[in-house]
Visitor: 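Below is a structure I'd like to ask you about.
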Number of protein chains: 4
Amino acid sequence: MSGGRGPGRPRDEQAKRAIHEAALDLLVAHGYGKLTIDGIARRAGVGRQTVYRWWPGKADVVLDALTTRAALEIETADLTSFVRATFAVAPRYVPSLRGLMAEAQLDPGFGERFVDQFLGSRRAVLMDLVGRELPDVDPEHAADVVFGTLWYLVLTRPASLTAAYGDRVLALLRSLGRV
Amino acid sequence: MSGGRGPGRPRDEQAKRAIHEAALDLLVAHGYGKLTIDGIARRAGVGRQTVYRWWPGKADVVLDALTTRAALEIETADLTSFVRATFAVAPRYVPSLRGLMAEAQLDPGFGERFVDQFLGSRRAVLMDLVGRELPDVDPEHAADVVFGTLWYLVLTRPASLTAAYGDRVLALLRSLGRV
Amino acid sequence: MSGGRGPGRPRDEQAKRAIHEAALDLLVAHGYGKLTIDGIARRAGVGRQTVYRWWPGKADVVLDALTTRAALEIETADLTSFVRATFAVAPRYVPSLRGLMAEAQLDPGFGERFVDQFLGSRRAVLMDLVGRELPDVDPEHAADVVFGTLWYLVLTRPASLTAAYGDRVLALLRSLGRV
Amino acid sequence: MSGGRGPGRPRDEQAKRAIHEAALDLLVAHGYGKLTIDGIARRAGVGRQTVYRWWPGKADVVLDALTTRAALEIETADLTSFVRATFAVAPRYVPSLRGLMAEAQLDPGFGERFVDQFLGSRRAVLMDLVGRELPDVDPEHAADVVFGTLWYLVLTRPASLTAAYGDRVLALLRSLGRV
DNA sequence: CCCTAATCGAGACGGTACGTCCGGTCTTGTG
DNA sequence: CACAAGACCGGACGTACCGTCTCGATTAGGG
């Protein structure tokens, strides 16, 4: 059960990493709008089919590259550090995040995956923390406000993203609880 | 006041309207991702060049159509009615708004136009109202929170957009002022 | 009967000349393949419609310009001087002639006009001279050989066009008569 | 002799043949002037890019189709049969030949290819035969006269093309030799 | 030590949209 | 009326990507 591999050449893990890197490199270099599967494959030194074999399209490549790289980078111990870390870390991923959210609007299939899995998992963490630390606050609503503000900055004024802004949003959440 | 028309055949205003309508019709019918300049021109009964003559791309067509149609639909007299109306009216424009925000991420040129003009004018209204009615609240921050929450719903959970949600965000603004 | 003109602004003869010159200038500058009605009108300082009002298309503009300019440039007194002059003068009109023959192949309507009128009138002159000076030679065949050789050089090896080549073709005609 | 195939999917020879046939079919059906790359691709059941991948434009497609189809159709054993066959076979290819010669005038790049390769190879055969059978005749001049007359008929009076006309031109060549 | 099977790089394939160019027509105001 | 200007519809151009396919070569088990 462990490997579960039948015959045939095994998947090349190095190609996977090369594709991840190529995608992120090109993304920051020229923007998501100019990102192409062919460009990724070329830069990764890989056949185009190898990309399509593992991912449905460039959005999923980027999403996979992002989640692989950003895994566990954010503290989830308490509400304050989670929100601060979320805002603090965001600037590093602005190009990817903008592209992913754009694609989610254009491709309904990817949109569902993106909202349910990527956004959903982060919402779940925040809602859990709010439920524990701010029992008077509606976790759903808190998530909308926190992530709404975060994404609005990511999409329209990324230069304003700072850890300090996370503190302001935290203050907002607490003022909500006091009502 | 002279009209400023020089020689030559004047612009066909009917074609302009036909293009606007065609763009919005196709947008709601098949989604922004499948919207095509050629498709718009065909449905409007117009040559493709006529579209390119007046707009740089499909995003600007949609933006122009939207602002033409939605002009003065929103009450700007006081903060409460503005925010409520903004949330109440949003569901009607979800397909357009999602497409425009997506394009703003993919095309930096359009992104700047979109943020500065379309989003900027709405921010200006809100900030003015906040400045008058909630003097203790930072208008910039208020705009980020209100429009951030609005856009987050538009982009990820459009079914949740209701006038009632506008009231919740208003309450949030007021709790901010009380701190 | 002299003017015979009804009301309205009279035709601008200067524009006609400007169009002729513009067409020939652009033709030698960039080749018939890059010649456009719009380009001609622009350079002539004339509206596009003014060109279409007088000629069906660019080929007829060039043909008209050519026949206007080259009128009676060729001696038609005797066979020898006619053939020599025809070959001697040809190099000056190579760009126009190549374009006109090309258009005649692509546009059947213009082709008929071109063959019947432009080529036909020159054939008639040659056939008349042959009939008078070389009674043993079939005038039709002689025209095919003389103009065939001429056009072949115009179309494929214009650098070889010289008055001396006209003499060789004349010798050919005379050898035909001696058989 | 190894075939010289590197990696990658090999060229689809059936598509090549389909494109050739489509081009010639459309050419005789509607004329070279209405021939379109897109039309060829459509009729051949082929993507447009596949045409552009192998040929620079429609003229080269037609030229390739023609030389592929007409290969070895003409006897080159002796002067008499070569000239007769050339005139006898020409009527079948009139639409293609007219289009190719037209394009050669409009597109200098194609013109050079056409004159050097297509016309040049036929000239070489004729000049070789003339050199062997009519040593008193200048082969270059003979080629100009024979092909000049042939092309003049192709371009302006295709109905006159017959094998008998080839005999007349042969007689002309022989009369030249006797001078 | 071959045999089967899956992956790999490469690149051609059918499609579709792009943005540009030009043709030929029309609609203005001015002379 | 003709004229300059210029917008209009139509349609071909050549390019760029998409996602699929077909090659020969490679790299693993399993017989």
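Chain A is the first sequence line, chain B the second, and so forth, proteins listed ahead of strands; every chain is numbered from 1. Every value quoted in this text rests on a predicted model; they were computed, and no experiment measured them.
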Visitor: Grab the CZ-C1' distance between A:Arg53 and F:dT20 for me, whole Å please.
Guide: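 One finds 12 Å between C1' of F:dT20 and CZ of A:Arg53, rounded.
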Visitor: Tell me the interatomic distance from A:Gln14, atom CD, to F:dA28, atom C1', rounded to whole angstroms.
Guide: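 It is 17 Å, rounded to the nearest whole Å.
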Visitor: Each nucleotide N or O in nucleotides 28-31 of chain E that has a protein N or O under 3.5 Å away: list the pair and distance.
Guide:
| residue | atom | partner | partner atom | Å |
| --- | --- | --- | --- | --- |
| E:dT28 | O2 | B:Gly8 | N | 3.2 |

Visitor: Heavy atoms only: give me the nearest A:Leu119-A:Val115 pair and the separation to one decimal.
Guide: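 In terms of heavy atoms, the two residues are closest at CB-O, 3.4 Å.
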Visitor: Per the salt bridge (Lys or Arg N to Asp or Glu O under 4.0 Å) rule, what does the pair list look like for residues 26-35 of chain C, sequence neighbours excluded?
Guide: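 For residues 26-35 of chain C: none.
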Visitor: Between D:Leu97 and D:Leu66, what is the shortest heavy-atom contact and its length?
Guide: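 Taking every non-hydrogen atom into account, CD2-CD2, 4.0 Å.
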Visitor: Under the side-chain contact (heavy atoms from CB on, under 4.5 Å) rule, collect the residues that match up with D:Ala15, sequence neighbours excluded.
Guide: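 Result, side-chain contact (heavy atoms from CB on, under 4.5 Å) vs D:Ala15: D:Asp12, D:Val46.
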Visitor: State which residues pass side-chain contact (heavy atoms from CB on, under 4.5 Å) with B:Arg42; sequence neighbours excluded, sorted by chain then number.
Guide: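 B:Asp38.
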Visitor: To the nearest 0.5 Å, what is the distance between NZ (B:Lys58) and CD1 (B:Ile19)?
Guide: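 Interatomic distance, B:Lys58 NZ to B:Ile19 CD1, rounded to 0.5 Å: 15.5 Å.
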Visitor: Shortest non-hydrogen contact from D:Val62 to D:Ser96?
Guide: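 Heavy atoms of D:Val62 and D:Ser96 come nearest at CG1-CB, 4.1 Å.
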Visitor: Show the atom names and distances, to 0.1 Å, of all donor-acceptor pairs under 3.5 Å that link a side chain in residues 21-30 of chain D to residues at least two apart or in another chain.
Guide:
| residue | atom | partner | partner atom | Å |
| --- | --- | --- | --- | --- |
| D:Asp25 | OD2 | D:Arg43 | NH1 | 3.1 |

Visitor: Would you say a side-chain N or O of A:Thr50 is under 4.0 Å from OP1 or OP2 of E:dG9?
Guide: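 For A:Thr50, the contact criterion (side-chain N or O under 4.0 Å from OP1 or OP2 of E:dG9) is met.
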Visitor: Below 3.5 Å, can you tabulate the donor-acceptor pairs from side chains in residues 99-114 of chain D to any protein atom, sequence neighbours excluded?
Guide:
| residue | atom | partner | partner atom | Å |
| --- | --- | --- | --- | --- |
| D:Glu103 | OE1 | D:Tyr32 | OH | 2.4 |
| D:Gln105 | OE1 | C:Arg98 | NE | 2.7 |
| D:Gln105 | OE1 | C:Arg98 | NH2 | 3.4 |
| D:Gln105 | NE2 | C:Leu155 | O | 3.1 |
| D:Gln105 | NE2 | D:Met101 | O | 3.4 |
| D:Asp107 | OD1 | D:Gly109 | N | 3.0 |
| D:Asp107 | OD1 | D:Phe110 | N | 3.2 |
| D:Arg113 | NE | D:Asp60 | OD2 | 2.8 |
| D:Arg113 | NH2 | D:Asp60 | OD1 | 2.8 |
| D:Arg113 | NH2 | D:Asp60 | OD2 | 3.2 |

Visitor: Below 4.0 angstrom, which residues in residues 18-36 of chain A have at least one non-hydrogen atom near DNA chain E?
Guide: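 Result for residues 18-36 of chain A: none.
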Visitor: Looking at side-chain heavy atoms only, is the closest gap between C:Trp54 and C:Lys16 below 4.5 Å?
Guide: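 A side-chain contact under 4.5 Å exists here.
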Visitor: Expressed in angstrom and rounded to an integer, what is the separation of B:Asp38 atom CG from E:dG19 atom P?
Guide: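 After rounding, the reported distance stands at 11 Å.
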Visitor: Rounded to whole Å, please give me the gap between OH in D:Tyr52 and C1' in E:dG15.
Guide: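 D:Tyr52 atom OH is separated from E:dG15 atom C1' by 15 Å.
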Visitor: Considering only residues two or more places apart or on different chains, which pairs with a residue in residues 8-29 of chain A satisfy ring pair (Phe, Tyr, Trp, His ring centres under 6.0 Å)?
Guide: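 Checked against ring pair (Phe, Tyr, Trp, His ring centres under 6.0 Å) - neighbours excluded - the pairs reaching residues 8-29 of chain A are A:His20-A:Trp55.
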Visitor: How close do D:Val154 and D:Val94 get, counting heavy atoms only, and between which atoms?
Guide: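 In this case the closest contact between D:Val154 and D:Val94 is O-CG1, 4.3 Å.
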Visitor: Output the residues of residues 39-49 of chain A in contact with DNA chain E, where contact means a heavy atom of the residue under 4.0 Å from an atom of the strand; sort by number or write none.
Guide: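 A:Gly45, A:Val46, A:Gly47, A:Arg48 - these, ordered by number, are the residues of the stretch whose heavy atoms sit under 4.0 Å from the strand.
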Visitor: Write down the atom of C:Asp64, the atom of C:Thr67, and the distance for their closest heavy-atom approach.
Guide: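 That would be O-OG1, 3.1 Å.
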Visitor: In whole Å, what is the span from the CD1 atom of C:Ile37 to the C1' atom of F:dG6?
Guide: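 Atom CD1 in C:Ile37 sits about 16 Å away from atom C1' in F:dG6.
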Visitor: Quick one, which residues of residues 54-65 of chain A touch DNA chain F with a heavy atom under 4.0 Å?
Guide: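 Those residues: none at all.
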Visitor: Hey, can you pull the residues of residues 102-110 of chain C with a non-hydrogen atom under 4.0 angstrom from DNA chain F?
Guide: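 By residue number: none to list.
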Visitor: Can you list the residues that meet the side-chain contact (heavy atoms from CB on, under 4.5 Å) rule with A:Arg53, with sequence neighbours excluded?
Guide: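 With sequence neighbours excluded, A:Arg53 shows a side-chain contact (heavy atoms from CB on, under 4.5 Å) to A:Gln49, A:Thr50, given in chain and number order.
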